[in-house]
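Numbers restart at 1 for each chain; the letters A, B, ... are given by sequence-line order, proteins then strands.
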Number of protein chains: 2
Amino acid sequence: MNIGQAAKASGVSAKMIRHYESVGLLPPASRSDAGYRQYGDKDVRTLQFIRRSRDLGFSIEEIRGLVGLWQDRTRPSREVKALARQHLDFLDRKLAELQSMKYALAHLVSCCHGDERPDCPILENLAGERT
Amino acid sequence: MNIGQAAKASGVSAKMIRHYESVGLLPPASRSDAGYRQYGDKDVRTLQFIRRSRDLGFSIEEIRGLVGLWQDRTRPSREVKALARQHLDFLDRKLAELQSMKYALAHLVSCCHGDERPDCPILENLAGERT
DNA sequence: CCTTGACCTTCCCACTGTTGGAAGCTCCAT
DNA sequence: ATGGAGCTTCCAACAGTGGGAAGGTCAAGG
């Protein structure tokens with residue numbers, strides 16, 4: 001299977017497959033006589049694992065850890081759970097950050113009449129004048 | 001006022017002040033005889049405006065627009081509100097994305113017993129096995 | 001056999017925003 | 001005059017992804 005096929009089958013772009021290989025997240029793929037990367041079902045499964053991990057927002061480094069644990073049949077699930085919890089905390093912090101941005105901005109937007117007049121509470125707030 | 005003073009006064013690092021100038025978000029600062037950038041109260045107010053905008057998650061390009069509108073005394077507040085709404089939509093999309101990640105991952109974490117045993121619903125899910 | 005188009009290769013660059021560092025200059029106080 | 005803090009510019013890195021150029025390969029069809 002060439003890289004394009006593996007990309008379609010896994011949902012990871014060919015660009016990213018090469019990138020993951022270059023950063024060592026994937027072992028170097030075997031090559032055809034012409035130098036084309038060759039993939040098998042096992043590789044596609046690994047790529048899908050990576051894609052699902054990315055869909056959950058895990059970083060490359062975290063995924064490196066997850067793949068390692070995945071391939072170690074004797075890992076304690078405790079370790080996996082710890083890694084997942086850590087990422088969950090990260091998501092919570094990000095969510096809180098975005099949510100406070102959202103509420104602050106939503107308030108300002110609701111205060112702005114949004115017509116042809118130039119006075120605008122949004123700009124006034126950004127400029128530091130208390131609204 | 002040197003760049004370090006302006007940085008302290010505005011809450012924007014000296015590094016970032018130079019960067020904002022280099023990308024044209026700030027006009028080139030005037031220079032002392034020795035080539036040091038000189039800032040006044042007006043510049044500090046602009047920097048604070050930029051910092052508050054970044055605190056709300058606006059991108060550099062969006063801030064470029066906001067600063068332009070801010071400095072145009074005759075802008076209709078409609079335009080500011082449109083820009084803000086657009087960013088609000090962006091925040092909503094990001095929030096929804098993170099939230100779905102969070103719920104999916106939280107579910108998996110709650111399913112994993114997290115002890116010394118190797119079987120783990122988190123890895124099984126990432127591997128594509130239905131849980 | 002040759003051409004064409006789709007696919008592959010490597011390499012470099014772009015983007016988001018921010019930080020760090022190196023080499024060298026300036027300013028101020030001791 | 002010397003040291004340290006602060007300034008200058010330039011270059012690189014981070015994460016992750018996409019775009020593109022220049023060139024090799026493969027299969028189909030004339």
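Note that the OG atom of A/Ser77 and the CG atom of B/Asp119 stand 6.5 Å from one another [nearest 0.5 Å]. The distance from atom CZ of B/Arg18 to atom CZ of B/Arg37, rounded to the nearest 0.5 Å, is 6.0 Å. Put simply, CD on B/Gln86 and CD on B/Glu62 are 6.0 Å apart, with the number rounded to the nearest 0.5 Å. Rounding to the nearest 0.5 Å places CG of B/Leu56 at 8.5 Å from CG of B/Leu91. Between the CG atom of B/Leu83 and the CZ atom of B/Arg85 there is a distance of 12.0 Å, given to the nearest 0.5 Å.
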For residues 2-14 of chain B, tabulate all N or O donor-acceptor pairs below 3.5 Å that involve a side-chain atom, not counting sequence neighbours.
unit_1	atom_1	unit_2	atom_2	d
B/Ser10	OG	B/Ala6	O	2.7
B/Ser10	OG	B/Ala7	O	3.4
B/Ser10	OG	B/Val12	N	3.2
B/Ser13	OG	B/Met16	N	3.1

Side chains of residues 92-101 of chain B: which donor-acceptor partners sit under 3.5 Å, not counting sequence neighbours?
unit_1	atom_1	unit_2	atom_2	d
B/Asp92	OD1	A/Lys102	NZ	3.0
B/Ser100	OG	B/Glu97	O	3.1

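For DNA chain C, the residues of residues 17-31 of chain B within the heavy-atom distance limit of 4.0 Å (strictly under) are B/His19, B/Tyr20, sorted by number. For the segment residues 83-103 of chain B, the set of residues with a heavy atom within less than 4.0 Å of an atom of DNA chain D is empty. Across residues 48-55 of chain A, not one residue has a non-hydrogen atom less than 4.0 Å from an atom of DNA chain C.
Taking a heavy-atom distance under 4.0 Å as the criterion, the stretch of DNA chain C touched by chain B extends 5' to 3' from C/dG17 to C/dC27.
Classification of A/Glu61 and A/Arg64 as a salt-bridged pair holds, one side-chain N sitting under 4.0 Å from a carboxylate O. For the pair A/Arg51 and A/Asp55, the salt-bridge criterion is met [side-chain N within less than 4.0 Å of a carboxylate O].
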Legend entry - Full working for side-chain contact (heavy atoms from CB on, under 4.5 Å) between B/Arg78 and A/Asp115: CA-CA 5 Å; B/Arg78 177 180 41 77; A/Asp115 55 18; 5.7 Å; no

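Under the ring-ring contact (aromatic ring centres under 6.0 Å, His included) criterion, A/Tyr20 pairs with no residue, sequence neighbours left out. Partners of A/Arg52 by side chain to side chain donor-acceptor pair (under 3.5 Å), not counting sequence neighbours: none found. Residues satisfying the salt bridge (Lys or Arg N to Asp or Glu O under 4.0 Å) test with A/Arg75, not counting sequence neighbours, are none.
Residue pairs that meet the side-chain hydrogen bond (donor to acceptor under 3.5 Å, both in side chains) test with at least one member in residues 38-49 of chain A, sequence neighbours left out, do not exist here.
Contact record, A/Ile60 with A/Arg54: N-NH1, 4.2 Å, taken as the closest heavy-atom pair.
Of the two residues contacting DNA chain C, namely B/Asp33 and B/Glu61, the nearest-nucleotide position lying further toward the 5' end is that of B/Glu61.
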Report each atom pair, protein N/O against N/O of nucleotides 2-6 of chain D, whose distance is under 3.5 angstrom.
unit_1	atom_1	unit_2	atom_2	d
D/dG6	N2	B/Tyr36	OH	2.6

Would you list the protein and nucleotides 20-22 of chain D atom pairs, both N or O, that sit under 3.5 Å from each other?
unit_1	atom_1	unit_2	atom_2	d
D/dG20	O6	A/Lys15	NZ	2.3

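Formation of a donor-acceptor pair under 3.5 Å by the B/Ser53 side chain with backbone atoms of B/Phe58 is not found in this model. Not a single donor-acceptor pair under 3.5 Å links the side chain of B/His87 to the backbone N or O of B/Ser59.
When heavy atoms are screened at a 4.0 angstrom cut-off, B/Ser59 is found touching the sugar-phosphate backbone but no base atom.
Side-chain contact check for A/His107 and A/Asn125: no donor-acceptor pair (N or O, by modelled atom type) lies under 3.5 Å.
Contact annotation: A/Ser13 side-chain N/O to D/dG18 OP1/OP2 distance is under 4.0 Å.
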